[in-house]
Each structure stands twice: as C-alpha cells, then as structure tokens.
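Here the structure is a predicted model, which is why all the values come from computation and not from measurement. Residue numbering restarts at 1 for every chain, and letters A, B, ... go by the order of the sequence lines.
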Amino acid sequence: MMPRPAVLPAAFFDRPADRVARELLGGVLAVRGADGRIARHVVHETEAYLGGHDLACHGSKGLTARNAVMFGPAGRWYVYLCYGMHWMLNVVTGAPGVPAAVLIRGAGGFVGPGRLTRGLGIDRRFDGRPAGRATGLWFEAAAVAVPRRLVARTPRIGVGYAGEWADAPLRFVVEPERLATLKERRSSPRRTSR
DNA sequence: GCAGTGATCATA
DNA sequence: ATGATCACTGCC
C-alpha cells in the first residue's frame with residue numbers, strides 16, 4: 001500500500017539554506033484548498049538566501065517588520081509582496097537569529113515564484129505560520145532523491161544589486177521533465193533482467 | 001524593451 | 001509625509 005507522505009518537520013529546515021534549497025528539489029509542496037482537497041506540486045526550482053552576510057538576502061539590512069520572521073526559528077513561511085503584485089513564498093531556515101530562507105521559485109506546473117503563489121492562492125495569510133498540515137501548506141519528502149547530475153546551479157534571479165553575492169550559485173533547478181523521467185523509472189515494472 | 005503596482009523602509 | 005526601491009510578470 002501507499003505509505004502516507006512524510007511531512008517535512010521543522011528540523012529539516014534547521015540547516016544551512018543552500019543545503020535545504022538543494023534537498024527540496026524533488027520534494028512536494030502540498031496545499032489544502034478551501035474545499036479540503038490537497039494539491040501536490042513537485043518542487044523544481046529554489047533559491048537559497050544564506051543570512052545577514054549575504055547581500056542579496058533581506059536579512060542583510062537588519063531586522064525590520066517585514067523580514068522579522070526570517071530571524072525566527074526554521075520551518076516557518078516568509079511571504080512578502082514584491083513589485084506591488086507578486087507574493088514570494090519562502091521557508092525560513094537555520095537557527096533563530098540567522099535571517100536565512102529558501103525561495104520557492106517553481107513547483108508542479110508553475111514556473112516563476114509569482115506564478116506559483118498566484119496558482120496556489122498563497123498570500124500574506126501564510127506569513128509567519130509554520131509549514132505544516134495545520135497551516136494548510138507544507139512540504140513532503142521527495143519520493144526519490146534527485147541525482148546530482150540533474151541539478152543545475154546558477155546565480156539567483158533579480159539580485160544584481162548584491163555585489164559579489166549576485167554571482168553566487170545559489171539557485172537550484174531541475175527540469176520538470178527530468179523529474180517525470182525519474183518517476184517513470186521508479187513506478188514502472190522492473191525490466192526483466194537480461 | 002519596459003510599464004504596472006503598492007507595501008516597505010529610510011529620511012525628514 | 002515623501003520618495004526610492006523592489007528575490008516579478010506580461011505585453012510591446
């Protein structure tokens with residue numbers, strides 16, 4: 001029988017953001033709709049924001065009302081409005097006091113952080129809440145780890161202002177069609193051995 | 001290529 | 001109170 005999907009616990013996020021961003025690839029972003037139905041989207045693009053020393057990270061400007069949740073414990077959502085129209089979905093990582101997080105840039109059929117939140121109906125209501133079933137928005141562990149050769153690392157998008165940090169390879173991408181290939185391999189009947 | 005859009009934050 | 005800035009998107 002199908003095992004119940006494992007909800008990623010807060011401890012999963014209590015690690016360096018780049019590690020979390022990498023391991024979130026292939027994992028599932030799950031959201032419960034108003035009708036109680038659960039939609040699941042496999043994560044295929046993330047970005048890590050490492051902390052106060054990372055000039056692209058909101059936390060590098062110090063504690064403010066907006067970014068306060070980043071300074072708190074790992075495993076909570078950090079959601080903010082960008083350009084007056086787009087909600088950005090992040091999950092806080094690392095120890096309290098370290099303003100680090102992972103931006104979810106793509107999952108399921110949604111490419112781009114603003115499109116993802118629009119598609120899933122995510123907005124400010126989730127800001128500061130823990131990622132978990134109780135909140136209606138959570139992560140589940142990857143059924144199969146994405147092999148390293150399928151993961152591309154690039155500089156983060158839209159952070160050209162961040163000096164040396166603009167070029168840090170902290171964006172993690174796996175092509176969705178590659179994920180599909182993985183899934184097929186996993187679920188297709190084993191080939192008769194030679 | 002660039003306008004739209006409005007919360008947020010520093011400055012005053 | 002005011003103005004600059006923005007971890008983006010869609011249409012030219």
Side-chain angles (χ1 to χ4, degrees), chain A residues 8 12-27 29 31 41-131 135 137-139 151-176:
Chain A
L8 295 183
F12 177 90
F13 304 97
D14 190 7
R15 296 180 295 156
D18 51 346
R19 183 88 186 276
V20 173
R22 163 66 180 86
E23 292 189 20
L24 239 22
L25 293 182
L29 177 62
V31 59
H41 307 275
V42 177
V43 177
H44 55 75
E45 182 177 347
T46 59
E47 276 177 1
Y49 290 85
L50 302 187
H53 60 293
D54 173 2
L55 266 23
C57 181
H58 286 173
S60 69
K61 306 289 189 188
L63 177 71
T64 69
R66 180 179 69 165
N67 69 18
V69 62
M70 291 185 87
F71 288 81
R76 294 187 182 174
W77 300 115
Y78 168 46
V79 182
Y80 69 92
L81 188 63
C82 185
Y83 291 99
M85 316 174 229
H86 311 294
W87 295 102
M88 298 292 109
L89 176 67
N90 302 255
V91 60
V92 175
T93 65
V98 178
V102 172
L103 170 66
I104 311 304
R105 294 191 56 93
F110 301 106
V111 180
R115 292 169 177 168
L116 175 70
T117 54
R118 180 156 44 91
L120 271 54
I122 291 166
D123 61 20
R124 134 136 277 149
R125 302 192 315 275
F126 291 96
D127 187 45
R129 308 208 53 199
T135 301
L137 185 64
W138 66 94
F139 287 108
V151 177
R153 294 183 61 152
T154 80
R156 293 166 291 184
I157 305 296
V159 297
Y161 57 83
E164 302 189 349
W165 284 93
D167 299 323
L170 293 173
R171 172 172 171 253
F172 299 81
V173 191
V174 55
E175 291 177 28

- Query: Counting only distance, no hydrogens or angles, is the base of C:dA7 paired donor-acceptor with the side chain of A:His86 under 3.5 Å?
  - Reply: no
- Query: In whole angstrom, what separates A:Arg118's CZ from C:dT9's P?
  - Reply: 8 Å
- Task: Would you kindly give the CG-to-C1' distance between A:Leu81 and B:dT5, to the nearest whole Å?
- Result: 8 Å
- Item | side-chain N/O A:Tyr83 vs C:dA7 OP1/OP2, d < 4.0 Å | no
- Message: Quick check for you: to the nearest 0.5 Å, what is the distance between A:Arg22 atom CZ and A:Phe172 atom CZ?
- Response: 8.0 Å
- Task: State the dot-bracket string of DNA chain B. Criteria: Watson-Crick or G-U wobble, both atom distances under 3.5 angstrom; notation: ( ) intrastrand, [ ] crossing earlier pairs, | interstrand, . unpaired.
- Result: ||||.||||||.
- Message: From CG of A:Leu55 over to P of C:dA7, roughly how many Å is that when rounded to an integer?
- Response: 12 Å
- Note on the structure: Of the listed C:dT9, C:dA7, B:dA10, the closest approach to the A:Thr64 side chain comes from B:dA10
- Message: Rounded to whole Å, please give me the gap between OH in A:Tyr161 and C1' in C:dC6.
- Response: 8 Å
- Message: Output the rounded distance in Å from CG (A:Asn90) to C1' (C:dC6).
- Response: 14 Å
- Task: For A:Met85 and B:dT8, give me the distance from atom CE to atom C1', rounded to whole Å.
- Result: 15 Å
- Query: How far does NE2 of A:His41 sit from CG of A:Leu120, to the nearest 0.5 angstrom?
  - Reply: 4.0 Å
- Query: Does a nitrogen or oxygen in the side chain of A:Arg124 sit under 4.0 Å from OP1 or OP2 of B:dT8?
  - Reply: yes
- Task: Would you mind classifying the nucleic acid contact of A:Arg171 as base, sugar-phosphate or nothing, using non-hydrogen atoms under 4.0 angstrom?
- Result: nothing
- Where do A:Asp127 and A:Arg66 land on the side-chain contact (heavy atoms from CB on, under 4.5 Å) test, with the steps shown first? CA-CA 10 Å; A:Asp127 187 45; A:Arg66 180 179 69 165; over 6 Å; no
- Query: So, A:Glu45 side chain and A:Val111 main chain: donor-acceptor pair closer than 3.5 Å or not?
  - Reply: no
- Supply the atom-to-atom distance A:Ile104 CD1 to A:Thr117 OG1, rounded to the nearest 0.5 angstrom. 11.5 Å
- Task: Remember a base hit wins even if backbone is also touched, and classify A:Ala162 as base, sugar-phosphate or nothing at under 4.0 Å, heavy atoms.
- Result: nothing
- Roughly how far apart are A:His44 NE2 and A:Leu116 CG, rounded to 0.5 Å? 8.0 Å
- What is the nucleic acid contact for A:Met88, judged by heavy atoms within less than 4.0 Å: base, sugar-phosphate only, or nothing? sugar-phosphate
- Message: Quick check: A:Phe139 with A:Phe12 (ring centres under 6.0 Å apart)?
- Response: no
- Query: How close or far is atom C1' of C:dA4 from atom NZ of A:Lys61, stated in whole angstroms?
  - Reply: 12 Å
- Item | Distance test, side-chain N/O of A:Arg115 to OP1/OP2 of C:dG10, below 4.0 Å | yes
- Task: Report the distance from atom CG of A:Asp167 to atom OG1 of A:Thr154, rounding to the nearest 0.5 Å.
- Result: 10.5 Å
- Message: Within the 4.0 Å heavy-atom criterion, would you say A:Ile157 contacts the bases, only the backbone, or no part of the nucleic acid?
- Response: sugar-phosphate
- Tell me what A:Arg66 touches on the nucleic acid: a base, only sugar-phosphate, or nothing, going by heavy atoms under 4.0 Å. sugar-phosphate
- Task: Please report, rounded to the nearest Å, how far the P atom of C:dC6 is from the OH atom of A:Tyr78.
- Result: 13 Å
- 5'-most contact on DNA chain B: A:Cys82 or A:Leu63, nearest heavy atom basis? A:Cys82
- Below 4.0 Å: OP1/OP2 of C:dC8 and any side-chain N or O of A:Arg105: yes
